[in-house]
Amino acid sequence: MNIVILLGVLVTLVTGLPVLMQMLRNHPKGLIILFFAEMWERFSYYGMRGLLIFYLTQHFLFDDAQASETYGSYTSLVYLLPLLGGIIADRWLGTRKAIAFGALLLVAGHSLMAYEGRPATETLTYQGQTYEIAAEGRADLREVGIVVNGQTYSFGPAEGGGIAIEGLPAGSPLPTVLGEDSYVMQQSQDQNGLNSFYLAVSLIIMGVAFLKPNISSIVGQLYPQGDPRRDSGFTLYYYGINLGAFWAAVLCGYLGQTVGWWAGFGLAGVGMALGWIVFVLGKPLLQGNGEPPHPERLAEPFVGPINREWLIYGLGILAVPVVWIMVQRNALVGTVLGFATIASLIAIILIILLGAKTWMQRKHMILATVLIGGAVVFWTLFEQAGTSLNLFTDRNVDLNLTAAATQFMGMWWGTPAQLANAGITPSGLWIDTTLTAAQTQSFNAGYILIFAPIFAALWTNLGRQGRDPNPLLKFALGLLQAGLGFLVVVWGVNAGFVNEAFRAPLFLLAALYLLHTTGELCLSPVGLSQITKLSLPSVVSFMMAVWFLASSIAQFVGGKIAAALGTETVGGQVLDPAGALSTSLGGFQQMGYAGLICGAVFLVLSFIMGKWGEGSDDAGTPAPDPRIEDSAADIDEATGERTA
């Protein structure tokens, strides 16, 4: 039994049983259907998120820059296109049909991800002769060497640059040290496998576009207006989202890096298929909610014999090739985001100058815009988890939970390699202490499950005492903690917490994720609710679109930052661990101080603009639309739970 899975079961039982009992006793049965459908959707997404950067760098042998930019393009589009899916569901398709169609696209995409194709290969050419780079395994089990005369030799960085090959015999056609400019590295990739990958992520992006913005609206529709169970229902629903994210990292991260990429991605696909089945079979329990606004018009022929419903499905599938083109072109995604950002800023300025009729309304709109800007910074730092932080964990963090195989409580504890080194073949139950880099993605979701109720109670108690921090102060706390998380790692390594293999201890990474999570719990409860309250009633939907756009921008910029922190790899393995550590620490330090500076700016603004939101809770202010969620991980202010 893997120790991370064992701990996950314990956390789930302790926190999950009360949730299940509440749903069964006190809430509409449809909530259970939506709970599990969204849980499996998040399971599929976070399973993909935890493995993707490793798949790109180790299977396709993308360099760090290309892998990070591809990841940024994918996640940017994942957070941008739900805007269209929400509009389509509201005007024509209805949320239930949109969710079911999106889920099918997700099943297709994740299932296609299970097809790996031929792993990419790499060769080294020196003085006209070509030598194969042999690479096998994943993560810590990956072994890379250069094949010379049928023998495989290890290599590392040479002093002053280049490659130093270990153990070469005398008379070898290759020298022991290859100068930096004396050789050429070339890669060969399976084009069918690569095209299959891009098609898979395009299907996933389109699936999220139809599913993500619509499913939570049905949760709200299950409860009559004024039903006191509504907030509690959203609390339980959001717990399922956290649970899906947590188990995705634990299970997909373990299988993907120990069994095979196909296993990790395939499990994510199985999870989404289960979510689709639960949702379709549970239709009667939804009490007729989520149906099309005009079902008779949806069924009417629109183009020849094709009705509007099937036309929408067809156009959704035809849009996949467009996404396929965009996800491969990071610059194109950046151009689209750039135009959208400029247009949005111009529109906001015009709304403030011409649309707002009073100074209070102008202050509300300005404050909303400032908060959106702060969210871009926070999520840019936070979402390094899937790229630069994942690569840092794989290359420069000691993931060993046990130093050697040991016996405790009558069972053997250790990794398979540690047991083998000790000459132990355990019989019966034993505890596998393997922790993969992808599994560390569970830290954030696990912390959310544990600390969200605490923060929810904290904000509630402060509110009762009239001491609830204003939105800008909460944003400041979130940004400060995001920056501090990076700096904890930098300070820890500089203080000597690093071993001879240039790996930092796991507790530094755990501290980083803890600070990022507590920062999230300070900042995220404010974001969405404040945008809906501060925006003019006539532009709430537009400002929600800008909020989504901010998340997409953060993903794109985060990918660019991660690309800049890349280091040289050969055969998917970092050539110089010391250099990789130095590069990562330099980037973490810059991001850390950026977080502190932005946090300080918001701290100052909290004294200047802290009361600009007064009046936004007055009657007539539109209530938050439960359909719209922050894709970067909102926490509902009343419940303290993650919604993405």
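Here the structure is a predicted model, which means the values were calculated and not measured. This chain uses plain numbering: 1 for the first residue, then up along the sequence.
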For Glu520 and Asn444: C-alpha separation, side-chain torsions, deciding distance, then whether side-chain hydrogen bond (donor to acceptor under 3.5 Å, both in side chains) applies. CA-CA 10 Å; Glu520 178 186 2; Asn444 172 245; 3.1 Å; yes

Using the side-chain contact (heavy atoms from CB on, under 4.5 Å) rule, take Phe556 and Thr380 through it: C-alpha gap first, then chi angles, then the decisive distance, then the call. CA-CA 8 Å; Phe556 180 82; Thr380 298; over 6 Å; no

Kindly indicate, with the supporting measurements, whether the criterion side-chain contact (heavy atoms from CB on, under 4.5 Å) is fulfilled by Glu38 and Val219. CA-CA 11 Å; Glu38 179 68 351; Val219 177; over 6 Å; no

Criterion ring-ring contact (aromatic ring centres under 6.0 Å, His included) on Phe197 and Phe60, from CA distance to verdict: CA-CA 10 Å; Phe197 161 73; Phe60 288 119; 5.6 Å; yes

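In this structure, a donor-acceptor pair under 3.5 Å is present between the side chains of Gln555 and Thr75. For the 3.5 Å distance criterion, the side chains of Trp247 and Thr12 qualify, holding a donor opposite an acceptor. Between the side chains of Thr15 and Tyr239, a donor-acceptor pair is found at a separation under 3.5 Å.
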Only distances under 3.5 Å count here; give the side-chain donor-acceptor pairs of residues 25-34 to other protein atoms, sequence neighbours excluded, each with its distance to 0.1 Å.
residue : atom : partner : partner atom : Å
His27   : ND1  : Tyr223  : OH           : 2.8
His27   : NE2  : Ser232  : OG           : 3.4

List, one per line, each side-chain donor-acceptor pair under 3.5 Å for residues 321-328, sequence neighbours excluded.
residue : atom : partner : partner atom : Å
Gln328  : NE2  : Trp324  : O            : 2.9

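In this structure Glu41 satisfies the side chain to side chain donor-acceptor pair (under 3.5 Å) test with no other residue, sequence neighbours excluded. With sequence neighbours left out, Arg49 forms a salt bridge (Lys or Arg N to Asp or Glu O under 4.0 Å) with Glu383. Contacts of Asn2 classified as side chain to side chain contact (heavy atoms under 4.5 Å, CB included), with partners at least two apart in sequence or in another chain: Val4, Ile5, Tyr254, Asp432, Thr434, Gln439.
The side-chain heavy atoms of Cys522 and Phe455, taken from C-beta on, include a pair separated by under 4.5 Å. Looking at Met272 and Leu106, their side chains come closer than 4.5 Å, going by heavy atoms from C-beta outward. Inter-residue side-chain proximity for Met23 and Leu20 is flagged as met; some heavy-atom pair is nearer than 4.5 Å. Using a 4.5 Å cut-off on side-chain heavy atoms (C-beta onward), Val557 and Val376 make no contact. In this structure, the side chains of Arg96 and Leu286 come closer than 4.5 Å at one or more pairs of heavy atoms. For the pair Leu389/Tyr513, a side-chain contact is recorded, criterion being any heavy-atom separation below 4.5 Å from C-beta on.
Heavy atoms only, all atoms of each residue included: Arg42 and Ala248 are closest at O-CB, 4.4 Å.
Considering Phe210, Trp310, Trp92 as possible partners of Phe101, the one that fulfils the ring-ring contact (aromatic ring centres under 6.0 Å, His included) test is Phe210.
Within the structure, ring pair (Phe, Tyr, Trp, His ring centres under 6.0 Å) pairs that include any residue of residues 262-301 comprise Tyr55-Phe265 (at least two apart or interchain).
For Tyr313, the OH atom sits in a packed shell: over 12 heavy atoms of surrounding residues, nucleotides or ligands are nearer than 6.0 Å.
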